[in-house]
Amino acid sequence: MTSKEVVCLEDVSAHYDGVPVLEGINLSIYQDDFLGIIGPNGGGKTTLLKIILGLVKPGRGRVSVFGDTPEKGRKYIGYVSQYSLFDRDFPASVWDVVMMGRLGKTGLFRKYSKQDREATLRALEAMEILDYKGQQIGKLSGGQRQRAFIARALVTDPELLLLDEPTASVDTPMKTDFYELLERLRQRMAIVLVSHDISTISIYVDKIACLNRELYYHSSKELAAEELEAAYRCPVEMIAHGVPHRILKEH
Amino acid sequence: MIEALQYEFMRNALTAGLLAAVACGIIGCYVVVKRMVFISGGVSHASFGGIGLGYFLGISPIVGAFFFTITAALVMGVVTRRAKIPEDTSIGILWAIGMAMGIIFIGLTPGFPPDLMSYLFGNILIVTTADIIMMLILAAIIVFVVVLLYKEFLSLSFDEEFATVVGVPVEWLYFLLLCLIAFTVVVLIRVVGTILVIALLTIPAATARRFTHDLKKMMLLAILFGSLFTSGGLWLSYELDLASGAAIILVSGVTFLASLFVSRLPLMTRVGRG
Ligand SMILES: Nc1ncnc2c1ncn2[C@@H]1O[C@H](COP(=O)(O)OP(=O)(O)OP(=O)(O)O)[C@@H](O)[C@H]1O
Ligand SMILES: [Mg+2]
């Protein structure tokens with residue numbers, strides 16, 4: 001049984017102002033993948049997601065997203081970025097912001113439709129922030145805001161979900177709920193999850209990659225101890241307490 | 001004031017003030033929430049180059065300003081987005097170049113232009129019917145475009161990266177917004193002059209923002225405040241024989257400062273969406 005390839009990177013390299021950030025990345029993501037990406041700070045995880053989204057142009061290599069260029073293929077992607085820099089006083093409610101996820105579906109010059117409003121309602125419900133829909137976005141707590149941004153990504157009805165540390169400021173019960181939501185969503189879409197929380201994601205994801213300029217990935221949930229040590233430049237025991245044996249290759 | 005309205009110039013002035021309020025109420029909100037105050041200041045001051053060009057070519061200075069301001073806005077847009085120079089640096093440079101060009105053009109034109117001061121500092125009392133027609137057309141275009149692209153402009157102002165990902169033509173819309181800012185500047189030149197345009201682009205919107213967190217309501221409130229400011233300033237200038245542009249700005253500034261002491265209206269902060 002073959003699964004459709006949704007993203008394909010071939011020999012991709014990227015640099016900012018001449019400083020290499022990614023080198024020789026080869027990566028295929030399939031329709032039913034739930035891929036976790038770990039790696040040290042500055043390892044290039046965010047940059048990799050941005051290359052898939054066409055927000056950063058690779059210096060070399062080929063990127064295809066749903067068989068097309070990133071610019072054309074990204075309409076099938078839901079994205080939650082790591083940081084959202086916006087003005088706390090910005091005049092928009094939670095509802096307005098989540099609805100923005102529907103822009104691509106609605107199209108220019110049109111008003112939001114009934115479907116758009118229903119999808120927004122469902123996403124707010126799923127993230128349990130329906131009660132805050134009228135609240136100004138900047139006045140939410142960090143975690144509530146993060147939920148709103150996740151809802152905004154879900155409302156696009158994506159076939160691939162790119163999540164850049166989505167649970168960094170979400171409380172533990174919500175985190176558990178969120179991973180359970182991902183468990184359900186993965187029936188319908190591919191998911192790529194960037195996280196530093198190795199112990200938690202190794203429970204949920206079924207493939208794991210480690211990125212530090214180079215990508216260590218075997219289309220499986222296992223990495224060799226040497227690879228982790230190379231990526232993090234420290235002994236495996238220090239990377240996460242008691243976790244690595246779940247993802248480490250047996251010798 | 002009421003009896004003053006029997007004069008055509010007063011009726012024109014009042015109409016011009018209301019049209020200016022519509023343009024600056026709508027576009028000013030984007031300028032304020034998208035943090036485009038500095039680039040708008042650059043565009044409005046650079047428009048002086050167009051006024052000079054108008055004198056030099058012997059056409060209406062406002063027509064010169066129209067084309068020159070749009071060009072200046074687009075140049076600033078391209079330079080700030082493409083060149084690897086800090087945005088405020090490049091705006092500062094283009095701002096000064098625009099004004100310098102105006103001074104050179106005026107210097108090259110024989111004789112001293114009699115109504116130069118009215119372009120620099122505005123004189124709402126000498127607005128002609130032709131001016132009003134032009135202002136009406138520009139204000140109508142602004143309203144039309146913003147109604148059509150309201151949700152896109154909202155997403156562009158809030159989060160360009162996400163808007164790009166969901167397929168909004170962010171760059172294109174940003175340049176369109178700059179053109180609308182240029183339109184607004186041209187509308188406002190007659191009312192408060194190139195030097196003071198930036199005040200009307202920011203103060204009504206900034207005042208409105210204190211009372212609502214819904215962009216549409218903010219725009220309507222800003223139009224209301226703008227109307228109060230222009231007509232209040234006009235009245236002051238008529239009664240006390242003050243320069244109209246400066247009077248309008250002072251009324252605006254004082255109202256804004258006063259609004260800082262008024263706590264947010266409880267009614268308006270909690271309006272939700274259904
Ligand atoms: N816009 C930028 N301009 C210049 N350099 C950048 C830019 N964005 C990232 N970098 C550099 O690229 C490298 C990779 O950054 P990236 O944000 O992809 O890392 P990351 O793996 O997401 O890190 P973190 O775990 O901290 O989120 C870093 O060394 C960073 O300094
Ligand atoms: Mg990152």
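- The CG atom of B/Leu148 sits 12.0 Å away from atom CZ of A/Arg110, with the distance rounded to the nearest 0.5 Å.
- The candidate with the highest count of non-hydrogen atom pairs below 4.5 Å against chain B, out of A/Met100, A/Lys72, A/Lys105, is A/Met100.
- Residue B/Phe175 places its CZ atom among more than 12 non-hydrogen atoms of other residues, nucleotides or ligands, all under 6.0 Å distant.
- A donor-acceptor pair under 3.5 Å is absent between the side-chain atoms of B/His213 and the main chain of A/Lys139, judged by distance alone.
- Heavy-atom neighbours of B/Phe67 CZ from other residues, nucleotides or ligands within 6.0 Å: at or below the threshold of 12.
- With a 4.5 Å cut-off on non-hydrogen atoms, B/Leu149 touches chain A through its side chain but not through its backbone.
- Both the backbone and the side chain of A/Leu108 come within contact range of chain B, judged by heavy atoms closer than 4.5 Å.
- Only the side chain of B/Phe162 comes within less than 4.5 Å of a heavy atom of chain A; its backbone N, CA, C and O stay farther away.
- Within 6.0 Å of atom CZ in B/Phe144, 12 or fewer heavy atoms from other residues, nucleotides or ligands are found, so the atom counts as exposed in its surroundings.
- Proximity to chain A involves both the backbone and the side chain of B/Val33, based on heavy atoms less than 4.5 angstrom apart.
- Residues B/Glu152 and A/Leu103 are in side-chain contact: their nearest non-hydrogen atoms beyond the backbone lie under 4.5 Å apart.
- For a residue to count as touching a neighbouring chain, one of its non-hydrogen atoms must lie under 4.5 Å from one of that chain's; by this rule A/Lys50 touches chain B with the side chain only.
- For the atom pair CG of A/Asp89 and CZ of B/Arg209, the computed distance is 5.0 Å after rounding to the nearest 0.5 Å.
- Interatomic distance, A/Thr106 OG1 to B/Lys151 NZ, rounded to the nearest 0.5 Å: 5.5 Å.
- The side-chain heavy atoms of A/Arg74 and B/Thr164, taken from C-beta on, include a pair separated by under 4.5 Å.
- Contacts of A/Leu121 with chain B are absent, with no heavy-atom separation under 4.5 Å from either backbone or side chain.
- Ranked by heavy-atom pairs shorter than 4.5 Å toward chain A, the options B/Val32, B/Val168, B/Val147, B/Val165 are led by B/Val165.
- The heavy-atom pair separating A/Ser81 from B/Glu161 by the smallest distance is CB-OE1, 3.7 Å.
- Contact annotation: the side chain of B/Asp159 approaches that of A/Arg152 to within less than 4.5 Å [non-hydrogen atoms, C-beta and beyond].
- Residue A/Tyr132 qualifies as open at atom OH: its count of foreign heavy atoms under 6.0 Å is 12 or below.
- Residue A/Val94: no heavy atom, backbone or side chain, is found under 4.5 Å from chain B.
- Surrounding NZ of A/Lys114 are at most 12 heavy atoms belonging to other residues, nucleotides or ligands under 6.0 Å away.
- Here B/Arg35 contributes atom CZ and A/Phe86 contributes atom CZ; the two are 12.0 Å apart, rounded to the nearest 0.5 Å.
- The most heavy-atom pairs under 4.5 Å with chain A, out of B/Pro169, B/Ser155, B/Cys29, come from B/Ser155.
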Intermediate values then yes/no, side-chain contact (heavy atoms from CB on, under 4.5 Å), A/Lys75 and B/Val166: CA-CA 6 Å; A/Lys75 62 170 174 279; B/Val166 292; over 6 Å; no
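- Within 6.0 Å of the CZ atom in A/Arg188, the count of heavy atoms belonging to other residues, nucleotides or ligands does not exceed 12.
- Relative ring orientation between B/Phe158 and A/Phe149 is described as tilted, the plane-to-plane angle lying within the 30° to 60° band.
- The two residues B/Met218 and A/Pro91 make their nearest non-hydrogen contact at SD-CG, 3.8 Å.
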